[in-house]
Every structure is written in structure tokens, then in C-alpha cells.
Amino acid sequence: MTQTKTIYAAFSAHIAAALDALEAAGTLPAGLNRGAITVEPPRDPAHGDLATNAAMVLAKPAGTNPRALADALVAELVKVPAVASAEIAGPGFINLRVAPEAWLAELAAIGALGADYGRSAVGGGTTVNVEYVSANPTGPMHMGHCRGAVVGDALASLLEWAGHKVIREYYVNDAGGQVDVLARSAHLRYREALGEDVGGVPEGLYPGDYLIPVGQALAAEFGDAYAKAPEGEWLALFRARAVAAMLDQIKADLALLGIRHDLFSSEAELQAAGKPEEAEKWLRAHDLVYDGHLEAPKGKTPEDWEPVELPLFRSTRFGDDQDRPIKKSDGSWTYFGADMAYHFQKAQSADALVDIWGADHAGTVKRIKAAVAALTGGEDGKGKPFEVKLVQMVQLLKGGEPFKMSKRSGNFVTLADVVEMVGKDVVRFTMLTRKPEAQMDFDFDKVVEASKDNPVFYVQYAHARIRSTLRKAEGEGFAPADSDLALLGAEELELVKVAAQFPRLVEAAAAAREPHRIAFYLYDLAAAFHAYWNLGNDKPEKRFIVAQDAALTGARLYLASQIGQLVRNGLAILGVEAVEEM
RNA sequence: GCGCCCGUAGCUCAGCCGGAUAGAGCAUCAGAUUCCUAAUCUGGGGGCCGUGGGUUCGAAUCCCGCCGGGCGCACCA
């Protein structure tokens, strides 16, 4: 994997070197904490290309005032060739202008690194397990699963770009009551396939047509052997067959979105292997599980409430409201009991864990975080890094009105339907145009709109324009060339400046676990490109192809080519195809 | 009642680890098309960053209270 040395990193090093020089000269005490120093593009471009707060941050501990320290720093910084100018502003900011040669070097770096430009080593090769989707294997994927699937998948790619090893994992909840319901529903379809008139699907079973082929397959495999048999004879068998069929379906649905997990972990297998028992034993030994009485639910008092003694995990020690049962009164594991063991298992093979959950599970975040902290860190130690990212609801709309599908497939809008209607790339990009913890509307009419209102098309269009231009140029005998990049002027450098932010953005987005930042960046990059493009409307000499100037054309085509590369890199993180033409 | 998320321009939303005069799109107003794709671009107007305190050189950002919206709150998954 190639590491990108960003221009920002280079300037951080310049500033560090300047501080070293001041220390050596005795101007600055040695050993000051430089952790709070930032180097970033100022909000207002008039303040230059980069600004640092170094003087403000260090003035107090150094026993001097920001302006005086800034003066000394500036004197050092102006010696650096890549620094075109350095001046003090405001309360003590140092505003830097980057020499054009340094920007052109960055442009050349994009060309040299190509599809790897933006990859970073900040992750240090540590392994992050990202668990996402994990929909119950009781039916096809529906839109409720979609956002988490896309966010999780994009996050996984983003973490890879930032230098992590990533495990993409799916937890298969194949041990709970709902898969028994699935088995019974499949049995009904099985009898139906044998010719029995089963009437309608009774309340409490899954009504969707998607179980019809499962019933037919069971009928073909087993004949009428289980048609009249008591449930005990077929439940486990039918459950296994139905779950397998549903998982195949889910994998096919995910494939439509371009998602493929590395690992599918079965809750049933986890339990069969005795993992929850192991966790319980360890927790009991550390007084983190005890037999106690569950409190009555808060806020409402169920009429049939009875206190029962259950094994409880002391999640209150980690900030939860109450201790949580890990087993039910019938002796089987609660979802939480098994999930706890599952997270412990995941932690064995990863340095950090990330779960992507629907917001409807927000209430259980504290207990699982408590469990991970306990199992990976002991009762008071700090556990492995573990984050739960909550993905908020998506409201489906069409023309501003709530959208309802036919009930043919079982009373929900399937992911497959949506992908068929609007396409994979639109689904993926649109899901990433909002931060995940904010609710979002998904309007079928708006997301397929081919205009700049629609970020997907806006970004795609920028790429298509670039490719189109390069094709046309090739037809006219021009090719991108990096031999005369110095011919590029201020307007072209503006584009390079936006491009140069990509590597640090990847790092920041990965650190924050926020892939949506890439989508917003691509929009900004596309806007910068479109803006430059339109200079050519008024001024033909600003177009990429200037027929009478082969050297300039070559340099501009090189720029265009690298911007196109960057769009592809960003889209690759998001799992969206870059198109050749619109 | 409790927990979590959200509250930024008329609308939909960004705002990176606290940084300078808070940004973008839509809508609105005024402009640009003999052109590599105008599916685009340029400019104007539009703000008590829900609200009241606190922390400090500095707060949309961090902390606390309150208001409003969403989600959740049994041994379900």
C-alpha cells in the first residue's frame, strides 16, 4: 500500500523544524507540548493557503506573547523554499502562502500515485472489525437496512484507505424466536407446495411471497414426510433450510449494492460452541455477573409484571441505567447474553470494533459498550476501542409524499426494488449525503433527477466531462503531459488546492468514522472543476484544449486527468462507479 | 418518568481536534450558451447557529439547565 505524503504533512514538518530552530537558539523553551498545533487551510482564502496557530498555542507555556513568538517563527519559516510568504494576522495566526512549485509538485504526486493518491498509513496496519447490516435472516433486505449497509461498507473502505486492515462482518441472528417463526412460515409454504389448501397466512407468521420457493424446495427435497409430523420433528431442519435460503437472498441483495462481507458469524454456532458460557464464567469470576432481580420497566407498569431471578450483568458499573439479564427464565440466552459473547469473540481478532446499528437499537448501546469494556479490559481497565454508530431512519418519499410499495413481497419496500428503480450508485451516494445520525428523506423523484440539485449527478457529470475532454483531445492529437506544469496559472492552482486536501480529508474522515465527509468533499471538488470549466465559456484561452498551444494543452489535460483520478478515488471509497459519459 | 440522536438562511443540509467576517445547494433577484457536455457557471439579497448560563485569549463546536422534534425503554431482536 502506498502512503501519501501530503502537502499539509510537509508543512507541519516545516513548522516543527522552525520550532526546533527556535529551541536551539534559546528563543523557545525545550519540551513544550506541540499537540495542539494545527496546520490547515483558513476559512477565508484571503488569509492565504495555510494557517497555523502555533504561536498562540505555545505563547503561554513559553512565557511570551503570541505576536512575539509569531515574529520569531515567521523569520524561520520564510527560509523554507516552499513558503512563498508568511505573515502574522489576528490574535497570532501565521498565514502562509505556498509557492506555486509546491502545488505543482502535489499535482505531480497525484499523477505518480494515481489510484493510490489519498491512501494513508495513519491506521498503522491495525485491524478494525466493522459489523454492519446484520439483518435478521427472515426475509429479503428492505430499505430499513439500506442506509446502515451503505454507511458500513463505505466506512470499511475508508478505514482501509486510512491504513487499517478491515474485517467486514455480518452477525447472523439465527438463534432467536424469530427464526422459529420463519421455520413455521416455511412449513406452511411447504404444505402449500404439496397441494394442501392452507388458506391465508395466519397472524404471527411471515406472509411474504419470498417463502413460496423455499416451501417448494422443501417439498421437492422431502416429499410429504413432514406434512403432518409434529413440529419437533421438522422445526430445526426447516429452520436451517429457511435460514440458509434467506441468507442467500440477503447476500444477493447486498451484491446488488456491491457489498460483500468477509465474515458471516452465526449466533447459533456461537452458542453451540459455548461462547456465552465462557463469557459468563469469566464475568462471574470478576463479580460482573450475579443472580438478581430485574427492576420493573420504567415509565409504565405492566399488569403481568413479576420479579424473577436472573443472571444479571453489572452494566450499571459502566454507566447503564440498570443491570441487564444475560439469560431468560427458561435458561436460554438473551439476545444480549449472546451478543456480549459475540463481541468478545470479535475482539479476539481485531484491535478496534465498530458496529453500525439502526437508531431503533439506541437503547442497548450502553449495555453492549459496558460488556465490551468489561470483557476486554476487566472491571476497571479500559477496554478495546469500540464504537457503535447509530444510523437514523430513512423516510421514503415520492414527489414529497410518503411512498408505499405493493404488498406483494411482504409489506415492505425491498432493497432490490429500490436498486432496480434508481440504481446502485444513486442509492449509495445519496445515503452518504447526510451524516448518519441525522434523519433523512429519500425521495425517488429527487434522487434520479439529472441536475445539479442531485449531488450524485453533479459529481458524476464532472468526471464524465473530464473523460469526454480527454477523449476529444486524444482525437485531436493532444495528450496529458507533466513536462510543462509551470504553465498552469492561478485559476488552475485553485483546483490543485482543492485536490490537495483529499489525503488529509481521508485521514480525518476515517478517524471520525464518517464516510459522508468524502461525499461532501467530492461535491466541492466537482464544484471547483465545473467553475474552472466555465471560465472557458467566456475565455477560449482558458479551455483545456488550446489548439495553438500544445504545451499548455498538455499541462491542462494533465490537470484534468488528475482531477478525474481523484474523483474516481473518492468514489471508490464510497463504492460508486465513475461514469465515462452521461 | 428515563436514555440516545437532532435543532445552523424561507427550505434541505455542511461546518474537521475550540480559531479570524458562520458556508453550500434549492428558492428568489440580476447575468453568462457561435463553447472541450449550459445536466454548467458568475454575482446580489437573506442568520439571535433553539434558549439561558458556564469553561477561556477565543464557543455553532466543550460542560450544565430548559424548550421543541425523532427514536427507544421487560426475559423481544
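Just so we're clear, the structure is a prediction, and the values are computed from it rather than from any experiment. We name chains A, B, ... by the order of the sequence lines, and we start the count at 1 in each one.
In the set B:A20, B:A77, B:U37, the nucleotide with an atom closest to the side chain of A:N173 is B:A77. Residue A:M56 has its side chain nearest to B:G19 when only B:G19, B:U37, B:A14 are considered. In this structure, of B:U37, B:A14, B:U42, it is B:U42 that holds the atom nearest to the side chain of A:A531. Closest contact between the side chain of A:D321 and the listed nucleotides B:G15, B:C2, B:A74 involves B:C2. Residue A:R434 places its side chain closer to B:A14 than to any other of B:C36, B:A14, B:A38. The side chain of A:M582 lies closest to B:A39 when the candidates are B:A39, B:A14, B:G19. The A:A89 side chain lies nearest to B:A20 when the options are B:G69, B:A77, B:A20. When the nucleotides B:G19, B:A77, B:C75 are ranked by their closest atom to the side chain of A:V308, B:C75 comes out on top.
Nucleic acid contact class of A:F336 (heavy atoms, under 4.0 Å, all strands): none. Within the 4.0 angstrom heavy-atom criterion, no nucleotide atom of any strand lies near A:R471. Across all strands, A:R543 comes closer than 4.0 Å to base atoms (heavy-atom distances). The residue A:E581 sits close to a base: some heavy atom pair falls under 4.0 Å.
Judged by ring centres under 5.5 Å apart and planes tilted less than 30 degrees, A:H361 fails to stack against the six-membered base ring of B:G72. Remark: ring of A:F93 overlaps the six-membered base ring of B:A20 in a stacked fashion, centroids less than 5.5 Å apart, planes less than 30° apart.
At B:C17, none of the side-chain N or O atoms of A:T38 fall inside 4.0 Å of OP1 or OP2 (strictly under the cut-off).
Between B:U37 and B:G18, the two C1' atoms lie 44 Å apart (nearest whole Å).
The separation between A:N95 atom CG and B:U21 atom C1' is 14 Å, rounded to whole Å.
For the pair A:R556 and A:F544, the cation-pi test (distance below 6.0 Å, angle within 45°) is failed.
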